[in-house]
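To find a chain, count down the sequence lines: A is the first, B the second, and so on, and within it residues start at 1.
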Amino acid sequence: MKVLKKKIKPIIGKALQHYGLEIENYEDLIQDPRDRSVCDLCIPCFSLAKVLKENPVKIAENISKKINEFSNEDIEVKSLNGYVNFSSNPKWLANKLFLENYEFFENVDKKNILIEHTSANPNGPFHVGRARNAILGDCLVRLNRDLGNEVIAEYYVDDMGKQVGILSWAIENISVDEVERILKNNQIDDLNPMWKNKEDHIRVRWYQAANIIRKDNQKIENELTDIINKSEEGDEEVLTKFNNAFQPILDGMLETLSKLGINYDSFTNESQFIIDGSVNKIMKDLENSELYGEAENGAKYLELAEKGVSGKSTKFFFRRGDGSSLYATRDLAYHQWKWKKAEKLINVLGEDHRLQSKQVSVALNELKIKPPDVVFYAFIKLPEGKMSTRKGNVVFMDDLIFEAEEIALKLLSERKIKIEEIEKLKIAKAVASSAIRFNILKVSPEKGFTFKWDDALSFDSDSAPFIMYSHARSCSINEKVKRLGLKDELLELSEIEINNSISKLLRTMFRYEEAIEKSVSENKPNHFCYYMLELSTAYNLFYRDCPIINDSKINLFNYKVSEYSRKLLFRGCNALGIIPLESM
RNA sequence: GGGCGCAUAGUGUAGUGGAUAUCACGCUGGCCUUCUAAGCCGGCAACCGGGGUUCGAAUCCCCGUGUGCCCGCCA
């Protein structure tokens with residue numbers, strides 16, 4: 001709790017001085033308690049016991065006594081089991097919030113940040129595994145913005161090379177009938193009629209078919225090599241052809257993401273760095289590195305054995321024997337370019353890119369370019385194994401969203417509350433998208449999990465609808481109060497009446513700042529997910545115990561607390577990409 | 001063969017070297033004449049194994065075991 005920490009810091013300093021303790025960064029002693037019902041912040045005195053050669057229980061008692069001499073009733077200080085426990089007086093907190101208009105993140109150093117996420121090859125619709133990247137990345141964008149940072153959400157478009165080359169070749173050389181025949185022979189499902197007009201679902205079939213027939217077919221391989229080479233040389237005609245092949249797919253993919261509330265500020269094409277010459281410049285510069293080496297056929301690499309890379313190959317190739325660049329080389333140029341746009345870079349990458357990313361970091365260091373922060377996430381598996389667009393072993397995001405909407409609609413029709421049909425559809429869409437996002441976000445990025453329909457579609461108490469529901473309740477109360485015609489009255493200090501539920505809610509609200517900061521500094525949205533569940537739970541408790549309207553009379557203080565919660569729930573929902581409905 | 005992740009109730013998960021290990025599903029017992037019961041209250045149940053560091057380890061180190069990812073002049 002930042003507000004409390006700020007308050008107790010000088011007092012603790014004084015108390016320690018009286019104890020004869022001169023500790024640098026003594027604020028590091030202040031910790032969050034394990035159990036928040038005990039206190040808001042604490043100092044474990046075990047490390048001090050070593051210095052002072054005294055019983056920690058005794059030390060905690062003495063420090064508490066000293067602190068009590070210096071502090072007032074805004075805080076409560078008690079010693080217990082070798083801990084000095086600090087609790088904020090809820091009246092003091094209420095006063096801060098409602099009379100002093102305390103602002104979150106006032107003294108935070110705001111930054112310009114570029115977050116590159118998703119950047120999936122535009123060769124087919126999003127499956128659940130690929131979408132984890134977009135959902136994580138978008139949430140990091142939102143969390144950073146909530147904190148006050150300026151963020152560019154960036155999609156790096158692979159518009160050249162093998163993947164799109166295969167796609168482009170397929171569309172030009174394989175007929176519809178042939179595609180269907182090939183896929184049928186290889187046990188790949190028919191196109192779901194629901195997506196028969198969605199180009200990402202349509203065109204991926206060409207990609208899949210081409211990958212099947214190009215095996216053991218030298219003629220196709222030669223044709224592919226030809227156009228891929230041309231694309232890597234920046235051949236305008238070929239790049240245009242590639243672009244025409246993948247753009248409809250990319251549009252379809254982005255349509256799917258927008259259903260989940262995910263949007264981008266800018267798209268950057270990989271070929272840009274070939275065309276502007278920066279890749280060539282980088283390849284030259286890398287030759288000056290002490291790690292530089294050359295293969296027999298003229299291919300160039302950095303030797304990374306001394307840089308902590310091991311395995312079958314420790315070489316990082318950045319130029320082929322024929323002089324062309326590789327994906328990773330272009331990535332180096334891309335990073336150089338990105339640093340012109342922001343003072344902090346974050347990349348969201350699948351765990352399969354761990355080695356690649358390490359190689360890029362070392363190479364960037366050799367070029368005196370700062371490496372980015374990287375967030376790795378583990379894959380989502382299917383019970384049958386890894387998801388693969390090429391093999392058609394996937395759960396499409398479009399299907400998942402559709403199913404989730406169906407379930408939400410069904411639940412809505414079972415509710416007692418009366419809602420119009422159009423409204424129902426809107427609610428179902430919001431619930432579906434929010435629930436899907438949340439169920440992926442709440443799991444720590446580095447942990448893999450197996451996709452199960454029941455889990456992905458869960459609307460249980462640790463899901464987005466739970467949070468949305470608390471928010472909707474607070475909106476409903478606000479509506480009712482407004483209908484009763486409350487004038488904008490100022491709260492008097494004497495009206496502040498605290499009970500356990502209000503106290504708990506106020507304390508939880510004041511943890512909003514560090515909840516966001518922790519998620520942002522560690523690039524882990526799951527932390528903030530759990531905070532929002534706590535906030536919702538605290539609001540639900542308050543809702544049960546603290547009536548706001550009684551016989552058409554309004555309890556002004558309770559109303560203010562509810563309103564502040566409503567705004568905070570709304571804000572937190574946006575930070576996660578959950579849609580805060582006013583009724584559901 | 002080598003490297004890098006991960007391992008917590010029956011299941012899924014949280015956890016910054018510190019107090020009685022979080023939350024949910026599940027199983028179980030209650031609460032709608034009451035601001036939305038997609039809610040609230042109670043009970044059951046867990047730190048992969050073995051060493052080490054430390055006053056103190058789920059957390060740090062080492063050795064195992066299991067599991068995932070990677071080791072291409074692909075992206």
Note to self: For A:K2, is there an ion pair with A:E514 - N to carboxylate O distance below 4.0 angstrom?
What the structure shows: no
Next item on the list: Report the base-pairing partner of B:C74 (Watson-Crick or G-U wobble, both distances below 3.5 angstrom), or none.
Entry: none
Notebook entry, point to check: Taking the nucleotide of RNA chain B with the closest heavy atom to each, which residue, A:F379 or A:M584, is nearer the 5' end?
Noted result: A:M584
Check: For A:H527 and B:G15, is the shortest distance between a side-chain N/O and OP1 or OP2 below 4.0 Å?
Finding: yes
Notebook entry, point to check: Rounding to a whole Å, what distance do you find between A:N555:CG and B:C35:P?
Noted result: 16 Å
Next item on the list: Report the distance from atom CZ of A:R354 to atom C1' of B:C70, rounded to the nearest whole Å.
Entry: 10 Å
Checklist line | G-U wobble or Watson-Crick pairing nucleotide for B:C69 (cut-off 3.5 Å, both distances) | finding: B:G3
Note to self: Quick check on B:G15: is either OP1 or OP2 less than 4.0 Å from any side-chain nitrogen or oxygen of A:N526?
What the structure shows: yes
Notebook entry, point to check: Is any side-chain nitrogen or oxygen of A:R473 closer than 4.0 Å to OP1 or OP2 of B:A37?
Noted result: yes
Check: Just to confirm, is there a sub-4.0 Å distance from OP1 or OP2 of B:C25 to any side-chain nitrogen or oxygen of A:S461?
Finding: yes
Check: Given the C1' atoms of B:A9 and B:G26, what is the spacing between them in whole Å?
Finding: 11 Å
Notebook entry, point to check: Side-chain N or O of A:R330 less than 4.0 angstrom from OP1 or OP2 on B:A75?
Noted result: yes
Next item on the list: Please tell me which of A:D455 and A:A328 maps to the more 5' nucleotide of RNA chain B, matching each residue to the nucleotide holding its nearest heavy atom.
Entry: A:D455
Next item on the list: Measure from the side-chain heavy atoms of A:F449 and tell me the nearest of B:U13, B:A14, B:A75.
Entry: B:U13
Margin query: In whole Å, measure the gap between the C1' atoms of B:C55 and B:U13 for me.
Written below: 32 Å
Item checked: A:L400 to A:V128 - nearest heavy-atom pair and separation -> CD2-CG2, 3.9 Å
Margin query: Using a 4.0 Å heavy-atom cut-off, does A:A295 contact any base of the nucleic acid, only the sugar-phosphate backbone, or nothing at all?
Written below: base
Note to self: Quick check for you: among B:C35, B:C6, B:A19, whose closest atom lies nearest to any side-chain atom of A:E446?
What the structure shows: B:C6
Item checked: B:G49: pairing nucleotide in any strand, Watson-Crick or G-U under 3.5 angstrom -> B:C63
Checklist line | Whole angstrom value for the distance that separates P of B:A21 from CG of A:D32 | finding: 18 Å
Check: Taking OP1 and OP2 of B:G3, is either one under 4.0 Å from a side-chain nitrogen or oxygen of A:K358?
Finding: no
Margin query: Is it the case that the side chains of A:E221 and A:N217 hold a donor-acceptor pair, with the cut-off being a distance below 3.5 Å and no angle test?
Written below: no
Notebook entry, point to check: Is there a Watson-Crick or G-U wobble partner for B:A58 with both distances under 3.5 Å, and if so, which one is it?
Noted result: none
Next item on the list: Please state the C1' separation for the pair B:G15 and B:A24 - nearest whole angstrom.
Entry: 15 Å
Margin query: Does B:C70 have its OP1 or OP2 closer than 4.0 Å to a side-chain nitrogen or oxygen of A:K386?
Written below: yes
Checklist line | From B:C71, B:C40, B:C25, nucleotide with atom closest to A:D460 side chain | finding: B:C25
Margin query: Nearest whole Å is fine: how far is B:C25 P from A:L457 CG?
Written below: 17 Å
Notebook entry, point to check: How about A:W453 and A:E403: does a side-chain donor come under 3.5 Å of a side-chain acceptor?
Noted result: no
Next item on the list: Look at A:K447 and B:A7 and indicate whether a side-chain polar atom (N or O) is within less than 4.0 Å of OP1 or OP2.
Entry: yes
Check: Quick one: which of B:C71, B:A19, B:A75 gets closest to the side chain of A:E232?
Finding: B:A75
Checklist line | Short side-chain N/O contact to B:G2 OP1/OP2 from A:S310, under 4.0 Å | finding: no
Check: Is there a donor-acceptor contact under 3.5 Å linking the side chains of A:Y334 and A:E154?
Finding: yes
Notebook entry, point to check: How many Å lie between CG on A:L535 and C1' on B:U22, as a whole number?
Noted result: 17 Å
Margin query: Counting only side-chain nitrogens and oxygens, does A:R415 get under 4.0 Å of the OP1 or OP2 atom of B:A38?
Written below: yes
Check: How far, in whole Å, is B:G42 from B:G5 if one measures between their C1' atoms?
Finding: 40 Å
Note to self: Can you tell me whether the base of B:C32 sits syn or anti, using the 90° cut around 0 to define syn?
What the structure shows: syn
Note to self: Donor-acceptor pair, distance only, cut-off 3.5 Å: does the side chain of A:S565 make one with the backbone of A:V561?
What the structure shows: yes
Check: Choosing from B:G39, B:A38, B:U36, which nucleotide comes nearest the side chain of A:N540?
Finding: B:G39
Note to self: Measuring only the P atom in each nucleotide, how far is B:G49 from B:A7? A whole number of Å is fine.
What the structure shows: 13 Å
Checklist line | Distance in angstrom units between A:R36 CZ and B:A14 P, rounded | finding: 17 Å
Notebook entry, point to check: Hey, is the side chain of A:Y530 poking within less than 4.0 Å of OP1 or OP2 on B:A24, counting only N and O atoms?
Noted result: no
Check: Within the structure, does a side-chain N or O atom of A:N121 lie under 4.0 Å from either OP1 or OP2 of B:A75?
Finding: no
Check: Can A:Y539 and A:S562 be counted as having a side-chain donor-acceptor contact under 3.5 angstrom?
Finding: yes
Checklist line | Base-pairing assignment for B:C32 (Watson-Crick or G-U wobble, both under 3.5 Å) | finding: none
Note to self: What is the distance, to the nearest angstrom, from the CG atom on A:D454 to the C1' atom on B:C25?
What the structure shows: 11 Å
Checklist line | Minimum-distance pair of heavy atoms, taken over all atoms of A:I467 and A:C573 | finding: CG2-SG, 3.8 Å
Next item on the list: For A:E534 and B:A24, give me the distance from atom CD to atom C1', rounded to whole Å.
Entry: 13 Å
Item checked: Closest to side chain of A:E351, choosing from B:A58, B:C35, B:G68 -> B:G68
Note to self: Taking only side-chain N and O atoms of A:K50, does any of them lie within less than 4.0 angstrom of OP1 or OP2 on B:C55?
What the structure shows: yes
Note to self: Between the base of B:A19 and the side chain of A:N85, is one N or O donor paired with an acceptor at under 3.5 angstrom?
What the structure shows: yes
Checklist line | Under 4.0 angstrom between A:Y469 side-chain N/O and B:A38 OP1 or OP2 | finding: yes
Next item on the list: Return the nucleotide paired to B:U22: Watson-Crick means purine N1 to pyrimidine N3 with N6-O4 or O6-N4, wobble means G-U with N1-O2 and O6-N3, both under 3.5 Å.
Entry: none
Next item on the list: State whether the side chain of A:H471 and the backbone N or O of A:L581 hold a donor-acceptor pair below 3.5 Å, judged by distance alone.
Entry: yes
Next item on the list: Going by the salt bridge (charged side-chain N to carboxylate O under 4.0 Å, His left out) test, name the single residue among A:R319, A:R320, A:K162 that passes it with A:E232.
Entry: A:R320
Check: Contact class for A:K480 vs. all strands (heavy atom < 4.0 Å): base, sugar-phosphate, or nothing?
Finding: sugar-phosphate
Notebook entry, point to check: For atom P, what is the distance between B:U8 and B:U34, given to the nearest Å?
Noted result: 45 Å
Item checked: C1' gap between B:G50 and B:U65, integer Å -> 11 Å
Item checked: Distance, C1' atom - from B:A45 to B:U59, rounded to whole angstrom -> 23 Å
